[in-house]
**Student:** 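The structure's right below; bear with me while I get my questions together.
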Amino acid sequence: AQGGTKRITLKEAIRMWEERGECPLDEVTELKLNGWNPPIEKLDNSTASIPKCEKLSLSTNMVERLANLNPLKCLRVLSVSRNYLKSLAGVEVCADTLEEIWASYNLIEKPSKGVTNCKKLRVLYLANNWIKDWSEVHRLSECPELDELILVGNPLEEKFTSAGGSAAEWQKEVSKKLLQIRRLDGWNIVRTEDEPPEEVEEAKPVQV
């Protein structure tokens with residue numbers, strides 16, 4: 001972070017958003033605070049003012065920790081890409097509803113903290129983080145509904161490919177550990193019955 005950059009709390013950002021008069025806060029189902037200026041640093045208890053929010057977008061800010069998500073009883077999608085998160089701990093309080101987490105371009109080394117409690121999670125974007133260990137990938141098998149995963153740009157993937165592993169081999173290795181996923185790094189995984197995937201089908205680039 002740049003030392004001279006002013007930072008604000010979620011409460012201040014919500015107040016600024018509310019001044020635009022777009023929608024009463026207690027009726028908001030989708031709140032977009034991406035790239036807010038000044039950037040958001042802290043998630044405080046102002047989440048209680050948006051109880052019906054289903055999608056909260058906080059990408060491109062300076063959020064360092066996920067906190068105070070408890071009031072978001074309807075939250076399905078959490079977008080926190082391009083922040084300073086070191087962990088996803090805190091999302092477990094939304095485990096009953098959370099279906100998608102977009103958290104690429106952070107500092108996350110162990111995404112399993114918090115995420116493994118989210119049994120309805122279908123989409124997890126973790127491109128360009130600090131994931132180094134296969135054990136963290138394997139722990140994601142605790143999310144039975146996980147369907148789409150992005151891991152490209154992590155040290156684990158970069159080490160695998162720099163050692164000569166092809167993209168197809170990388171996808172096979174990951175999909176062996178996560179039998180439930182059907183898309184990895186923007187590719188569809190093609191499996192034959194009772195066998196690991198032998199080939200992948202190229203898909204359109206995924207926005208992360």
Side-chain angles (χ1 to χ4, degrees), residues 1-131 140 142-143 145-146 148 150 207-208:
Q2 296 180 358
T5 301
K6 179 183 177 182
R7 309 173 189 181
I8 62 174
T9 64
L10 180 62
K11 181 177 182 179
E12 293 171 287
I14 287 179
R15 178 185 56 77
M16 294 165 66
W17 183 92
E18 189 177 19
E19 288 175 353
R20 299 178 181 179
E22 297 182 26
C23 178
L25 278 178
D26 58 0
E27 296 295 327
V28 168
T29 58
E30 181 174 354
L31 183 60
K32 294 182 179 180
L33 299 173
N34 298 326
W36 204 253
N37 187 21
I40 300 164
E41 179 182 39
K42 182 180 179 181
L43 304 188
D44 50 35
N45 60 9
S46 61
T47 49
S49 65
I50 49 172
K52 295 184 180 180
C53 186
E54 298 180 11
K55 181 176 180 180
L56 178 59
S57 299
L58 299 168
S59 295
T60 315
N61 278 289
M62 293 184 174
V63 178
E64 297 181 359
R65 186 170 68 91
L66 297 177
N68 293 299
L69 299 180
N70 311 59
L72 302 177
K73 303 300 183 185
C74 302
L75 190 66
R76 295 187 304 103
V77 180
L78 178 63
S79 175
V80 286
S81 298
R82 294 180 172 84
N83 277 281
Y84 297 149
L85 295 173
K86 295 181 179 179
S87 169
L88 291 176
V91 299
E92 64 274 5
V93 298
C94 299
D96 290 341
T97 59
L98 201 56
E99 298 177 7
E100 301 185 19
I101 299 174
W102 305 355
S104 296
Y105 296 93
N106 276 285
L107 310 173
I108 300 166
E109 184 175 347
K110 297 182 177 181
S112 62
K113 292 182 178 180
V115 167
T116 53
N117 295 282
C118 300
K119 304 306 181 184
K120 294 184 178 180
L121 191 68
R122 296 184 297 101
V123 174
L124 181 58
Y125 293 166
L126 291 169
N128 298 89
N129 274 282
W130 286 5
I131 302 168
L140 297 178
E142 297 177 37
C143 301
E145 300 299 319
L146 187 61
E148 182 171 348
I150 296 183
Q207 296 291 329
V208 295

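In this text, all values refer to a predicted model and were calculated from it rather than measured experimentally.
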**Student:** If you measure from the Lys or Arg side-chain nitrogens to the Asp or Glu carboxylate oxygens, is any gap between Lys6 and Glu12 under 4.0 Å?
**Tutor:**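 Salt bridge flag = no for Glu12 with Lys6.
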**Student:** For a quick test of reading the model, state the closest non-hydrogen atom pair linking Ser87 to Ile108 and the distance between them.
**Tutor:**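 It is N-CG1, 4.0 Å.
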**Student:** Does a side-chain heavy-atom distance below 4.5 Å link Ser104 with Asn128?
**Tutor:**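 A side-chain contact is absent here, since even the closest heavy-atom pair is not under 4.5 Å.
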**Student:** What's the shortest heavy-atom distance between Leu107 and Tyr84, and which atoms?
**Tutor:**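 Closest approach of Leu107 to Tyr84, heavy atoms only: CD1-O, 4.1 Å.
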**Student:** Compare every heavy atom of Asn68 with every heavy atom of Leu43, then report the nearest pair and how far apart it is.
**Tutor:**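 Looking at all heavy atoms of both residues, the closest pair is O-ND2, 2.8 Å.
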**Student:** Determine yes or no for a side-chain-to-main-chain donor-acceptor pair under 3.5 angstrom, with Asp44 supplying the side chain and Ser46 the backbone.
**Tutor:**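 Yes; at least one donor-acceptor contact below 3.5 Å.
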**Student:** From Cys74 SG over to Glu54 CD, what is the distance, rounded to the nearest 0.5 angstrom?
**Tutor:**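 Spacing of SG (Cys74) from CD (Glu54) equals 6.0 Å.
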**Student:** With rounding to the nearest 0.5 angstrom, report the CD to CG distance, Glu109 to Leu85.
**Tutor:**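 Those atoms lie 14.0 Å apart.
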**Student:** Does any part of the side chain of Cys94, heavy atoms only, come nearer than 4.5 Å to the side chain of Leu78, both counted from C-beta?
**Tutor:**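 Contact flag for Leu78/Cys94 side chains = no.
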**Student:** Taking Asn129 for the side chain and Ala127 for the main chain, is one N or O donor matched with an acceptor at less than 3.5 Å?
**Tutor:**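 Side chain of Asn129 to backbone of Ala127, a donor-acceptor pair under 3.5 Å: yes, one is there.
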**Student:** What pair of heavy atoms forms the shortest contact from Ala103 to Ser81, and how long is it?
**Tutor:**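 Closest approach of Ala103 to Ser81, heavy atoms only: N-OG, 3.7 Å.
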**Student:** Could you tell me the separation between the CG atom of Leu121 and the CD atom of Glu145, rounded to the nearest 0.5 Å?
**Tutor:**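 Result: 9.5 Å between the selected atoms.
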**Student:** Closer than 3.5 angstrom, by distance alone: can the side chain of Asn61 be matched with the main-chain N or O of Asn83 as a donor-acceptor pair?
**Tutor:**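 Not a single qualifying donor-acceptor pair exists.
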**Student:** Give the C-alpha distance, both sets of side-chain angles, the deciding distance and a yes or no for side chain to side chain contact (heavy atoms under 4.5 Å, CB included) between Leu10 and Leu58.
**Tutor:** CA-CA 9 Å; Leu10 180 62; Leu58 299 168; 4.1 Å; yes
**Student:** Look up atom CG in Leu146 and atom CD in Glu100, then write down how far apart they are to the nearest 0.5 Å.
**Tutor:**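 Reported value, rounded in 0.5 Å steps: 11.0 Å.
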**Student:** Dump the intermediate steps for side chain to side chain contact (heavy atoms under 4.5 Å, CB included) on Lys110 and Trp130, then the final yes or no.
**Tutor:** CA-CA 8 Å; Lys110 297 182 177 181; Trp130 286 5; over 6 Å; no
**Student:** Does Glu64 reach the side chain of Glu41, with side-chain heavy atoms less than 4.5 Å apart?
**Tutor:**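 Yes. Closest side-chain heavy atoms under 4.5 Å.
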**Student:** Looking only at atom types and distance, does a side-chain atom of Thr60 sit under 3.5 Å from a main-chain N or O of Gly35, one as donor and one as acceptor?
**Tutor:**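 Checking the backbone N and O of Gly35 against the side chain of Thr60, no donor-acceptor pair under 3.5 Å is found.
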**Student:** Just wondering, do Thr47 and Asn70 contact through their side chains at under 4.5 Å, heavy atoms?
**Tutor:**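 With C-beta onward as the side chain, the pair stays apart.
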**Student:** Take a 6.0 Å sphere around NZ of Lys42 and say whether it holds more than 12 heavy atoms from other residues, nucleotides or ligands.
**Tutor:**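 For Lys42, atom NZ is not crowded (no more than 12 foreign heavy atoms under 6.0 Å).
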**Student:** Over all heavy atoms of both residues, which pair between Ala95 and Asn117 is shortest? Give the atoms and the distance, please.
**Tutor:**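 Reported closest heavy-atom pair: CB-O, 3.2 Å.
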**Student:** Between Thr97 (side chain) and Leu75 (backbone), is there a donor-acceptor pair under 3.5 Å?
**Tutor:**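 Such a contact is found between Thr97 side chain and Leu75 backbone.
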**Student:** Can you confirm whether Trp17 is buried at CH2, in the sense that more than 12 heavy atoms of other residues, nucleotides or ligands lie under 6.0 Å from that atom?
**Tutor:**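 Yes, enclosed.
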**Student:** Would you say Leu31 and Ile14 make side-chain contact, with heavy atoms under 4.5 Å?
**Tutor:**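 They are in side-chain contact.
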**Student:** Any donor and acceptor pair, going by atom type alone, linking the side chain of Asn34 with main-chain N or O of Ser79 inside 3.5 Å?
**Tutor:**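 Checking the backbone N and O of Ser79 against the side chain of Asn34, no donor-acceptor pair under 3.5 Å is found.
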**Student:** How many angstroms lie between atom CD1 of Ile8 and atom CD1 of Ile40, to the nearest 0.5 angstrom?
**Tutor:**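 Here the interatomic distance stands at 5.5 Å.
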**Student:** Within the 4.5 Å heavy-atom criterion, are Glu30 and Cys23 side-chain neighbours or not?
**Tutor:**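 SC-SC contact between Glu30 and Cys23 ruled out.
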**Student:** Can you check whether Val80's main-chain N or O pairs, donor with acceptor, with Asn106's side chain at less than 3.5 Å?
**Tutor:**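 Here the side-chain-to-backbone pair exists.
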**Student:** If you round to the nearest 0.5 Å, how far is CD of Glu18 from CD1 of Ile50?
**Tutor:**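 Rounded to the nearest 0.5 Å, the CD1-CD separation comes to 11.0 Å.
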**Student:** Of Lys120, Lys119, Arg76, which is the lone residue that meets salt bridge (charged side-chain N to carboxylate O under 4.0 Å, His left out) with Glu99?
**Tutor:**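 With Glu99 as partner, salt bridge (charged side-chain N to carboxylate O under 4.0 Å, His left out) holds for just one option, Arg76.
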